[in-house]
Structures are given as structure tokens and as C-alpha cells.
Amino acid sequence: MTAAWLVLVAILSANAVYAASVGENQSTMYDTIVVGMGASGTSAASTLAQAGRRVLVLEAQNRIGGRVCTVPFGDGVVELGAEWIHGQVPSTVYDLAIKNNVSVISQDISMDVFLSDGSKGDRALINDLVDFALQSCEDPPKEPQPLGQCITNRLMDYIRVHHPDLLKDQDFLTELLAFLDLVIDNYEATTSWNDITTESKYRELDGDQHISWHKNGYKTLFEILLNTYNNGPGLPTLEYKLNKEVTQINWSEDPSKKVVVTCKDGSSYTADNVIVTVSIGVLKERHATMFSPMLPHWKTKSIDTISMGLMDKILLLFPYSWWPKSSTFFAFVWRRSEKKKIEERDRWVTQIFGVSTPLGSDRAMTVWTSGDAAKTIETLPEDVVKRKTMELLRRFMGANVTVPEPVEMIRSSWYTNPYTRGSYTYDHIDSPLHPNARADLAQPITDSAGVPRILFAGEATEATHFSTVHGAVDSGRREAARLLPKSDVCNCPFL
Ligand SMILES: Cc1cc2nc3c(=O)[nH]c(=O)nc-3n(C[C@H](O)[C@H](O)[C@H](O)COP(=O)(O)OP(=O)(O)OC[C@H]3O[C@@H](n4cnc5c(N)ncnc54)[C@H](O)[C@@H]3O)c2cc1C
Ligand SMILES: *[C@@H]1O[C@H](CO)[C@@H](O)[C@H](O)[C@H]1NC(C)=O
Ligand SMILES: *[C@@H]1O[C@H](CO)[C@@H](O)[C@H](O)[C@H]1NC(C)=O
Ligand SMILES: *[C@@H]1O[C@H](CO)[C@@H](O)[C@H](O)[C@H]1NC(C)=O
Ligand SMILES: *[C@@H]1O[C@H](CO)[C@@H](O)[C@H](O)[C@H]1NC(C)=O
């Protein structure tokens with residue numbers, strides 16, 4: 001071999017090394033980085049990857065799903081986060097389940113009624129009043145009102161016409177209103193139904209509102225989105241990393257600059273743009289340090305304005321199912337005198353509207369909590385929560401049946417969780433003062449050429465479908481579509 005050859009080989013191998021490391025660095029060059037791998041982040045990444053974009057998803061927790069969290073429990077699974085597909089038409093989530101031949105089951109949420117004195121309540125009456133209360137203010141009054149006020153007024157009119165005999169029992173009416181308040185709070189993740197405005201822009205989809213993934217678990221949605229369901233091969237241009245807490249997003253108005261995303265472990269990644277999908281709870285806490293330069297005022301105002309609610313579940317696993325099979329929901333209505341005694345010591349115990357049995361596990365029971373009560377429960381030790389929850393169950397349901405000790409208990413803590421800081425958003429009584437808050441949250445930050453660089457997805461960005469998985473999935477698609485030419489927004493097989 002000549003000296004010239006040796007030099008050439010040396011240059012080539014140096015180049016090879018160089019190429020390899022450039023290659024490596026190039027492989028860390030992405031079109032888009034998605035922060036968060038919940039429903040919105042996964043749907044955004046899936047849409048982009050199906051259009052051939054190189055996407056990196058960075059997720060702080062050690063699992064995919066965010067506020068969807070399916071966990072094995074007993075002989076099946078339970079959901080610590082989202083449980084149902086709320087509505088069918090038009091629902092991306094429902095369609096994905098059906099298209100992929102995943103069986104989903106409609107759950108009847110009508111309730112058996114138990115009173116705090118150990119007797120059974122009037123099932124037909126209570127369900128009639130709950131149904132009325134839930135839809136009574138869908139056609140809102142002209143001037144915005146606290147929702148509870150509106151429901152109370154219209155319900156009293158309804159009772160005067162349809163159940164006039166109830167008007168004699170003032171105690172019952174008080175107990176009924178307190179119970180209905182808790183039912184609404186549980187839907188809305190609030191402390192009081194008077195925190196919610198009648199002007200809420202939330203709209204239900206048509207069709208069944210409580211469709212369960214039962215033993216499949218809501219996690220199946222993520223397998224479908226990532227094309228790994230039924231041993232699918234995944235998406236070649238989609239890469240994701242778990243345990244990657246994003247601490248800073250550096251961006252510039254200069255169109256020639258990339259966006260740099262830095263993680264807590266010191267690693268950083270570069271892309272043309274980034275889609276931020278962290279919850280509004282996380283944004284409230286971190287936006288001032290997370291973005292460099294800081295977000296503009298119109299954006300931080302929307303973050304400050306939108307209200308994050310809290311709803312938590314306590315899940316109990318029993319050695320056998322001891323409850324009546326007539327329902328999967330059991331309402332607890334406190335008698336005033338009994339409630340008073342407990343309220344002084346353990347207010348949270350009186351703020352639980354009832355329990356249900358999830359369709360994913362045959363021996364499990366869900367205890368529902370929301371608002372300040374849920375926040376309190378998150379701070380309490382396991383044994384206290386378990387003991388008082390069992391006292392509650394035995395008081396309401398145990399008069400004529402032995403309620404066995406649970407063999408296991410798990411619970412959610414969506415407020416304590418630094419990566420959620422709450423469960424989902426609601427339209428607060430002040431929200432009519434800020435009618436564009438959700439639209440502003442959804443608006444991207446652009447560079448000086450008007451090109452979107454920091455985009456925002458997540459349930460809170462949806463004007464009418466916030467607080468749901470279908471809203472989150474749609475928001476991810478919405479932001480992906482913003483980055484794709486119209487022709488590239490695929491008619492995707494798994495989206
Ligand atoms: C208890 C409960 C019950 C619910 N029930 C239902 C239901 O029955 N039906 C329904 O439709 N909806 C329900 N919801 C609402 C639904 O779960 C949410 O609207 C939806 O899952 C939100 O998805 P998302 O992508 O917007 O946010 P998330 O799921 O919160 O995704 C954001 C992701 O970002 C990650 N993250 C946060 N900070 C960082 C960081 N610094 N760096 C990197 N990653 C980060 C988080 O870990 C998370 O994975 C429920 C929610 C809760 C909590
Ligand atoms: C690749 O990137 C890493 C980290 O940014 C850097 O340390 C390294 O020098 C780069 N390699 C080359 C060949 O540029
Ligand atoms: C759908 O699932 C059922 C059983 O769950 C199975 O019998 C059927 O073959 C499946 N169809 C398709 C198209 O996969
Ligand atoms: C228990 O039985 C008594 C007597 O039959 C009845 O009045 C009461 O409503 C029952 N309670 C429950 C929770 O079933
Ligand atoms: C991001 O911006 C901050 C504050 O301006 C700066 O300290 C940091 O070095 C920047 N990080 C990157 C990766 O450019």
C-alpha cells in the first residue's frame with residue numbers, strides 16, 4: 001500500500017468516525033419534539049409520524065398515558081384516570097376502538113340509592129332527579145350564573161310540578177341538593193357546583209356517554225395510536241423516551257434558529273418546532289421557567305385564567321363481590337343529623353357522592369372524590385383512608401350484608417403528581433370574562449416569519465371538548481395538522 005493510500009484510508013476512516021457521530025447527531029435532529037406522552041401528545045406524534053415526519057416524544061413519567069392510567073388489579077384492570085369514552089358521534093376515540101375491533105361496553109350509570117341511616121333510598125325518584133339536574137341548565141339563563149344556583153332554581157320548579165309531596169320535607173330537599181352538588185362536582189372535578197358557570201362551552205358528543213374499555217383498559221388506545229396494538233410494528237419515524245422531564249424550551253424569533261429542548265438529566269434535543277402538551281396545572285406552576293425567552297403576556301394570561309379541577313379515585317379490591325348486582329353505581333345520600341357529627345371531624349368523608357364497580361375488574365369498587373376533599377385525601381396516610389372509607393361503605397351498604405375487608409387498595413393523586421397538578425379543566429364562574437382563554441392557549445408561538453415554533457395541545461386547549469380524552473386526542477391532531485401541508489394530513493389507517 002502506498003503512502004498516499006494510507007493517507008486516504010486515514011482520512012476515510014476519520015471521516016467514517018465523523019460521519020458516524022454526525023449521523024448520530026443527525027438522528028437526534030427531529031422535525032418535531034412533542035413534550036408529554038398523554039392522549040394529546042401521542043395523537044400529535046402519531047399523526048406526524050404517519051405523514052413521515054421524524055418525531056421525538058419526551059415523557060417525564062415512567063409510562064405512556066398521562067391522565068390515562070390503566071393498572072392491573074385483581075383479575076383484571078382498573079383505571080386511575082380516564083375510564084369512559086364520552087360519546088360516539090363524532091368521536092375519534094370511539095372510532096379507533098371500533099375500527100380496530102376492540103370490544104367496548106356501555107355502562108348503565110343509573111344508581112341504587114343508600115342512605116346514611118342504613119336504609120335504602122327511592123331509586124326511581126333519585127335517578128329521575130339526577131337526570132333532571134344534569135341536563136336542567138344545558139339551555140343556560142341569559143345572564144351567566146353559578147351552575148348550582150341555576151340547577152337549584154329549575155329543580156325546585158320541576159319538583160313543584162312532578163313531585164309536590166317532597167316540598168313538605170325540607171330536610172330531604174336539603175339532603176338532596178347536597179347530594180346533587182357532589183354528583184356535579186364529580187363530573188366537573190370541582191369543590192362546589194357554584195364554582196362552575198352556566199356559560200360553560202362544554203358540549204357532549206352524541207351517543208352513549210359511558211363506554212368502558214373494561215378488561216382491555218384505556219391503555220389500548222395508546223397501542224392503537226402507536227401502531228403496536230396486536231403486535232403491530234410501530235411507527236418507524238416516531239421515537240419516544242420515558243423518564244425525560246423537560247425543564248426548558250429555548251426558542252427564538254430568528255427563523256434560522258432551531259428550538260432546543262433540555263431535560264432535567266442535562267440532555268438536550270433539537271427540532272424545527274415543539275408541541276407542548278403538559279397539563280394546565282403543570283403550565284401554571286412552570287411556565288415562567290420552562291420557556292426561554294418567556295411566553296408572551298397573552299399566552300401566560302390564558303394559562304392563569306383557565307381553571308384546573310381535581311377528581312380522584314380510591315380503588316378497593318375485595319375477596320369477592322358482595323354488592324347487589326342490580327346496579328354498577330351506588331349513591332350515598334347523607335341524612336342531615338348524621339352528616340353533622342362526621343363533618344366536624346372528617347369533612348372529606350361526607351363529600352363522596354357514592355361508589356361504583358368498574359367493568360374491568362370483577363371484585364373492585366371505586367370510591368369517587370373531588371375538589372378540596374380529594375386534595376385532603378391525597379395528604380392522608382393509607383391506613384386512615386382505608387379505615388374511614390370502609391366505615392363509610394359499611395354505614396351505607398352494610399345494614400343487611402357483611403362487607404368484607406378489602407385485600408388491596410390503590411388510589412390516584414392527580415394533584416400531588418408534579419406532572420399533572422390536577423385532573424382536568426372546567427369552566428369557572430369567571431370564565432365568561434375571558435371568552436378566548438382556551439383559543440389563546442391553543443394559539444402557537446411563531447417566529448418573525450410567522451412560522452409556528454411552539455405549539456400547544458392538550459385537553460385544556462379544546463373550547464368545547466376539554467376535560468376528555470377525545471378532546472385531548474383531537475387537540476393533538478389539530479396541532480399536527482398545523483405543521484403539515486393539507487395533502488399530508490393523512491387518512492391514516494390507525495388514526
Ligand atoms: C381521575 C380522572 C378521570 C377521568 N375520566 C375521564 C373519562 O372517563 N373520560 C374522558 O374522556 N376523560 C376523562 N378524564 C380526562 C382525561 O383523562 C384527560 O382529559 C386526558 O387524558 C388529558 O390528556 P392530555 O394529553 O391533554 O394530558 P396528559 O394526559 O396530562 O398528558 C401530558 C403528559 O405530559 C407529561 N409531562 C408533564 N410535565 C412534563 C415535563 N416537564 N416533561 C415531560 N413530560 C411532562 C405528563 O406526565 C403527561 O404524560 C379523566 C381524568 C382524570 C384525572
Ligand atoms: C454530537 O453531539 C454531542 C452533544 O451535543 C457533542 O458532544 C458531540 O461533539 C457531537 N459530535 C459531533 C461529531 O459533532
Ligand atoms: C374481531 O374480534 C372477534 C372476537 O373478539 C373475532 O371473532 C373477529 O374475527 C375479529 N375481526 C377482525 C376483523 O379482526
Ligand atoms: C336492610 O333491611 C331493612 C329491613 O328489611 C330495610 O329497611 C333496609 O332498607 C335495608 N337496608 C339496605 C341497605 O338494604
Ligand atoms: C436556554 O436559555 C437559558 C436562559 O436564557 C440559558 O441559560 C440556557 O443556556 C439556554 N439553553 C440552551 C440549550 O440554549
Side-chain angles (χ1 to χ4, degrees), residues 34-44 57-69 79-87 91 93 112-115 117-121 186-187 189 205 209-212 218 221 241-252 257 259-264 268-270 276-283 285-286 289-294 309-313 324 330 366 368-370 374 395-401 412 414-415 417-425 457-462 465-473 475-476:
V34 176
V35 181
M37 207 164 183
S40 61
T42 308
S43 114
V57 194
L58 298 171
E59 166 56 52
Q61 301 189 70
N62 61 3
R63 58 175 185 85
I64 296 170
R67 284 172 270 171
V68 171
C69 182
E79 307 289 350
L80 284 176
E83 182 142 353
W84 296 288
I85 303 171
H86 290 315
S91 166
V93 175
D112 259 8
V113 181
F114 296 83
L115 307 182
D117 60 10
S119 65
K120 285 205 81 173
N186 211 86
Y187 271 95
L205 302 178
Q209 296 301 310
H210 295 89
I211 301 171
S212 168
Y218 226 131
L221 172 65
K241 295 177 191 290
L242 303 179
N243 301 306
K244 281 281 187 185
E245 177 181 332
V246 170
T247 49
Q248 195 150 56
I249 298 170
N250 293 47
W251 60 287
S252 169
K257 297 260 166 67
V259 178
V260 182
V261 177
T262 306
C263 298
K264 198 175 180 184
S268 62
Y269 305 91
T270 306
V276 177
T277 76
V278 306
S279 77
I280 199 96
V282 173
L283 282 176
E285 188 171 79
R286 296 193 180 203
T289 57
M290 202 170 188
F291 299 90
S292 174
M294 292 215 275
L310 180 61
M311 199 266 277
D312 273 321
K313 302 178 189 177
F330 307 100
T366 310
W368 297 86
T369 73
S370 70
R395 167 193 285 274
F396 280 89
M397 300 181 78
N400 307 316
V401 60
S412 62
W414 294 111
Y415 181 73
N417 186 330
Y419 307 117
T420 47
R421 293 288 187 230
S423 55
Y424 44 83
T425 60
E459 56 86 12
T461 65
E462 284 283 300
H465 298 139
F466 57 87
S467 78
T468 64
V469 176
H470 60 265
V473 167
S475 76

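Hydrogens, waters and symmetry mates are skipped; everything else that's a heavy atom, side chains included, is used. Both counts, for ligands and for their atoms, begin at 1 and track the order of listing.
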What I want to know is whether S279 and ligand 1 share at least one N or O pair that is separated by under 3.5 angstrom. no

N/O contact list for ligand 5, threshold under 3.5 Å:
unit_1	atom_1	unit_2	atom_2	d
ligand 5	2 (O)	N250	ND2	2.3
ligand 5	2 (O)	S292	OG	3.0
ligand 5	5 (O)	S292	OG	3.0
ligand 5	11 (N)	N250	ND2	2.9
ligand 5	14 (O)	N250	ND2	3.2

The option among V246, N417, V282 carrying the non-hydrogen atom nearest to atom 40 (C) of ligand 1 is V246

For ligand 1, indicate whether the residue L80 contacts it via side chain, backbone, both or neither (heavy-atom separation under 4.0 Å). backbone

Output the list of atoms in ligand 4 that are nearer than 4.0 Å to some heavy atom of G118, sorted by atom number. 11 (N), 12 (C), 13 (C)

Interfacing atoms of ligand 1 (cut-off 4.0 Å, heavy-atom, W414): 1 (C), 53 (C)

G458: numbered ligand 1 atoms lying under 4.0 Å from its heavy atoms: 26 (O)

Decide whether E459 and T468 meet the rule of one side-chain donor and one side-chain acceptor closer than 3.5 Å. no

May I ask you to decide if M311's main-chain N or O and S370's side chain share a donor-acceptor pair within less than 3.5 Å? no

Any idea which atoms of ligand 1 are less than 4.0 Å away from a heavy-atom of G66? 29 (O), 48 (C), 49 (O)

For atom 48 (C) of ligand 1, which protein heavy atom lies nearest, and how many Å away is it? E59 OE1, 3.4 Å

Within-cut-off N or O pair, T468 and ligand 1, under 3.5 Å: yes

For ligand 1, is there an atom lying under 4.0 Å from some heavy atom of T42? no

Answer yes or no: is there a side-chain heavy-atom contact under 4.5 Å between V34 and L58? no

Any nitrogen or oxygen of H86, main chain or side chain, under 3.5 Å from a nitrogen or oxygen of ligand 1? yes

Taking the side chain as every heavy atom from C-beta outward, state whether V57 and T42 have any pair of such atoms under 4.5 Å apart. no

Report, in ascending order of atom number, the atoms of ligand 1 lying under 4.0 Å from any heavy atom of V35. 42 (N), 43 (C)

Does S292 reach the side chain of Q248, with side-chain heavy atoms less than 4.5 Å apart? yes

Distance from atom 26 (O) of ligand 1 to nearest protein heavy atom, with residue and atom: E459 N, 2.9 Å

Could you tell me whether the side chain of V278 reaches within less than 4.5 Å of the side chain of L283, counting heavy atoms only? yes

Compute the shortest N/O to N/O distance between N400 and ligand 4 and return yes if it is under 3.5 Å, no if not. yes

Side chain to side chain, S40 and V473, heavy atoms closer than 4.5 Å: no

Looking only at heavy atoms, the pair that brings W414 and C69 closest together is CH2-CB, 4.1 Å

At a non-hydrogen distance cut-off of under 4.0 Å, which region of M311 contacts ligand 1 (side chain, backbone, both, or neither)? both

Atoms of ligand 1, numbered as shown, that sit under 4.0 Å from any heavy atom of K244: 42 (N), 43 (C)

Does even one non-hydrogen atom of K264 get within less than 4.0 Å of ligand 1? no

Please state which protein non-hydrogen atom is closest to atom 11 (O) of ligand 1 and give its distance, to 0.1 Å? V469 N, 2.8 Å

Taking all heavy atoms of W251 and all of F291, pick out the closest pair and write down the distance. NE1-CB, 4.4 Å

For ligand 1, is any non-hydrogen atom under 4.0 Å from A472's backbone (N, CA, C, O), its side chain (CB onward), both, or neither? side chain

Under 4.5 Å between any side-chain heavy atoms of V93 and Y218, yes or no? yes

4.5 Å side-chain heavy-atom contact, Y269 and C263: yes

Does even one non-hydrogen atom of G65 get within less than 4.0 Å of ligand 1? yes

Atom 53 (C) of ligand 1 - nearest protein heavy atom and its distance: S423 CB, 3.3 Å

Against heavy atoms of R286, which atoms of ligand 1 measure under 4.0 Å? 41 (N)

E59: partners by salt bridge (Lys or Arg N to Asp or Glu O under 4.0 Å), with sequence neighbours left out: none

Relative to atom 51 (C) of ligand 1, which among Y187, Y424, W84 owns the nearest non-hydrogen atom? Y424

Straight-line distance of L205 CG to I85 CD1, nearest 0.5 Å: 10.5 Å

Which protein heavy atom lies closest to atom 32 (C) of ligand 1, and at what distance to 0.1 Å? T277 O, 3.4 Å

Quick one: nearest non-hydrogen protein atom to atom 31 (O) of ligand 1, plus distance? G38 CA, 3.4 Å

I'd like to know whether H465 forms a ring pair (Phe, Tyr, Trp, His ring centres under 6.0 Å) with H470, so could you lay out the CA-CA distance, the side-chain angles of the two residues, the decisive distance to 0.1 Å, and finally the verdict. CA-CA 7 Å; H465 298 139; H470 60 265; 5.4 Å; yes

For residues I249 and V259, determine if any side-chain heavy atom of one lies less than 4.5 Å from a side-chain heavy atom of the other. yes

Considering all heavy atoms of both residues, which atom of T420 and which atom of V282 are nearest to each other, and what is their separation? N-CG2, 3.7 Å

When you compare ligand 4 with F114, is there at least one nitrogen or oxygen pair between them that comes in under 3.5 angstrom? no

Can you tell whether the side chains of R67 and E79 come within less than 4.0 Å, N to carboxylate O? no

Is the NZ atom of K264 crowded by more than 12 outside heavy atoms at less than 6.0 Å? no

Regarding atom 22 (C) of ligand 1: of the candidates E79, R67, R63, which has the closest heavy atom? R67

May I ask you to check whether over 12 heavy atoms, not counting those of F330, lie within 6.0 Å of atom CZ? yes

The answer for which part of L58 has a heavy atom under 4.0 Å from ligand 1 is backbone

Starting from atom 13 (C) of ligand 1, which protein heavy atom do you reach first, and at what distance in Å? A82 CB, 3.3 Å

Distance-only donor-acceptor check, side chains S412 and D312, under 3.5 Å: yes

What's the spacing between S119 OG and F114 CZ if we round to 0.5 Å? 10.0 Å

Proximal ligand 1 atoms for V278, defined as those under 4.0 Å from one of its heavy atoms: 36 (N), 37 (C), 38 (N), 39 (C), 45 (C)

Is it true that M397 lies under 4.0 Å from ligand 4, counting heavy atoms only? no

Taking only heavy atoms of S40 into account, list the atoms of ligand 1 that are under 4.0 Å away from them. 24 (P), 25 (O), 26 (O)

What protein heavy atom is closest to atom 15 (C) of ligand 1, reported as residue, atom name and distance in Å? S467 O, 3.4 Å

Straight-line distance of R421 CZ to E285 CD, nearest 0.5 Å: 4.0 Å

Would you mind finding which of G36, S370, A60 brings a heavy atom closest to atom 34 (O) of ligand 1? G36

Walk me through whether V469 and L221 qualify under side chain to side chain contact (heavy atoms under 4.5 Å, CB included). CA-CA 10 Å; V469 176; L221 172 65; 3.6 Å; yes

Is ligand 1 under 4.0 Å from a heavy atom in the side chain of A457, in the backbone, in both, or in neither? neither

